[in-house]
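Worksheet: the structure to be examined is printed underneath.
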Amino acid sequence: MKCEKYLELISLYIDRELDQDLIDVLEEHLSLCQDCLVFFHTMKKTVTLSRTYYKKKCCRVPKAVSTKIFYHLRLIYKKEQF
Amino acid sequence: MEQSSSKALALLKENELIERAKSRDNAAFEELVKRNQAKIYNLGLKLLGNKEDAADLLQETFINAYYALPKFEGKSAFSTWLYRIATNNAFMKMRKKKIPLVRFETERSDSSREEFSLGMSDWSNDPGAHLRNQELKLLIEKSINALPGKYKTIFVLHDIEGFSTEEISKMLNLSVPAVKSRVHRSRVFLRDKLSSYFQPGVKQGANL
Ligand SMILES: [Zn+2]
């Protein structure tokens, strides 16, 4: 199998969704091929970095935004009553 | 319809609130909005990239949800159902802004598809340390925003929000294998963009 074929399995491997026989085949290749091993580590790091980045960026809903939604909903309730 | 008092509502389980809201107990619906608004607002920020659009998305999503709620059958979790409405709204906004939904902006010119970043060194192990670096933060944000809309949405739902491929397939009307392959393609694209930061000058590739 070419490296490209192994690389297509990397995401499933990271997500633990790969069947055991393919895990064996992939792990054997990763133990022999430095390039694919680096690809595997950097793919994992890409996910971790993105996740860490967004975790630190979580925002509260601004009060004005929330108030506006409830205002609009109440207009809708009124309309629905007629 | 009989209206609940908001104090009592705060103690109710979500299922109970949904049942009441379905029969137009509006206070119950508003409690559902309160409990879920932060999730949808933050999803909007990630998918659309600015506060104004995120606020619009939030409002449209709950107004749509209000009208659609009587048809909600509880086959999926309520949050999954809300995300489905929210992502559909996000796609409409992206279309209006002419943001490509499925086409990658950088079509690679060289045809050697099997090549990838050969010899790229491993990246350092502490993501927190990296993220104190402003340049990297901007690069992550820029890279995620460069993903086509549907890929970005799938990446955010799967890798950031932690939804399963099955849940995403229901939200977006895609097959599970299609979701999985888009998760992978998104990661490959992002890894490629980030690798220029970790090792400038390395040839980029790995387009699968
Ligand atoms: Zn290899």
Side-chain angles (χ1 to χ4, degrees), chain A residues 1-19 22 30 33-81, chain B residues 24 26 29-30 33-34 37-38 40-42 45-46 51 54-55 58-59 62-63 66-67 113-125 127-128 130-131 136-137 140-141 143-144 155-156 158-162 165 180-181 183-188 190-195 198 206 208:
Chain A
M1 223 161 48
K2 275 186 170 180
C3 287
E4 186 191 8
K5 288 283 161 211
Y6 293 104
L7 297 184
E8 280 170 12
L9 302 176
I10 292 289
S11 277
L12 293 175
Y13 183 58
I14 290 174
D15 297 333
R16 299 173 198 280
E17 287 183 11
L18 210 53
D19 294 335
L22 283 173
L30 291 180
C33 178
Q34 182 64 21
D35 291 333
C36 284
L37 185 65
V38 167
F39 185 90
F40 161 64
H41 284 305
T42 50
M43 279 285 270
K44 249 178 38 180
K45 193 61 56 65
T46 298
V47 176
T48 323
L49 279 172
S50 309
R51 200 174 287 155
T52 315
Y53 169 73
Y54 276 122
K55 222 174 247 167
K56 292 185 175 176
K57 255 193 79 169
C58 211
C59 290
R60 281 173 159 235
V61 181
K63 192 98 187 100
V65 171
S66 211
T67 307
K68 201 172 143 226
I69 292 173
F70 290 116
Y71 171 76
H72 276 275
L73 283 172
R74 279 160 202 181
L75 291 181
I76 291 171
Y77 308 153
K78 271 195 194 148
K79 249 192 278 168
E80 291 242 304
Q81 278 178 349
Chain B
R24 291 306 187 222
N26 295 327
F29 183 74
E30 290 182 9
V33 175
K34 282 179 200 155
Q37 62 179 356
I40 302 298
Y41 182 67
N42 279 283
L45 285 175
K46 285 170 202 146
K51 289 176 182 167
L58 180 62
Q59 179 165 323
F62 281 109
I63 287 176
Y66 178 80
Y67 286 118
R113 288 168 57 88
E114 67 270 40
E115 274 186 87
F116 58 101
S117 309
L118 290 165
M120 196 181 78
S121 69
D122 229 331
W123 304 345
S124 148
N125 277 319
H130 283 310
L131 287 175
L136 178 58
K137 278 197 233 174
I140 292 174
E141 176 134 15
S143 305
I144 292 176
F155 177 77
V156 165
H158 189 269
D159 282 358
I160 314 294
E161 308 279 334
T165 47
K180 287 183 182 176
S181 111
V183 167
H184 182 65
R185 260 198 94 183
S186 304
R187 289 174 179 170
V188 168
L190 295 175
R191 192 206 74 100
D192 205 25
K193 296 264 179 204
L194 295 184
S195 65
F198 287 100
L208 300 177

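Every chain is numbered from 1 and lettered A, B, ... according to where its sequence line falls, protein lines coming before strand lines.
Side-chain contact check for B:Ile160 versus A:Tyr53: every heavy-atom pair is 4.5 Å or farther apart. The side-chain heavy atoms of A:Glu80 and B:Tyr66, taken from C-beta on, include a pair separated by under 4.5 Å. Considering only heavy atoms from C-beta on, B:Thr165 comes within 4.5 Å of A:Glu17 through its side chain. In this structure, A:Leu49 and B:Leu136 have side chains that are in contact, with non-hydrogen atoms separated by less than 4.5 Å. A 4.5 Å side-chain heavy-atom check between A:Ser66 and B:Tyr41 finds every atom pair outside the cut-off.
Closest of all the heavy-atom pairs between A:Ser50 and B:Leu190 is OG-CD1, 4.5 Å. The nearest pair of heavy atoms linking A:Leu73 to B:Phe62 is CD2-O, 4.4 Å.
The candidate with the highest count of non-hydrogen atom pairs below 4.5 Å against chain A, out of B:Lys46, B:Glu161, B:Lys51, B:His158, is B:Lys46.
Heavy-atom distances place the backbone of A:Arg60, and not its side chain, under 4.5 Å from chain B. For B:Ser186, no part lies near chain A; criterion is any non-hydrogen pair under 4.5 Å. Both the backbone and the side chain of B:Asp159 come within contact range of chain A, with heavy atoms under 4.5 Å apart. For B:Leu45, the part lying near chain A is the side chain, with the backbone staying farther off; criterion is any non-hydrogen pair under 4.5 Å.
No donor-acceptor contact under 3.5 angstrom links the side chains of A:Thr46 and B:Arg187, judged on distance only.
Evaluation of the ring-ring contact (aromatic ring centres under 6.0 Å, His included) rule for A:Phe40 yields A:Tyr13 as partners, not counting sequence neighbours.
A 6.0 Å sphere centred on OH of B:Tyr67 holds more than 12 heavy atoms belonging to other residues, nucleotides or ligands.
With values rounded to the nearest 0.5 angstrom, B:Asp192 atom CG is found 10.5 Å from A:Met43 atom CE.
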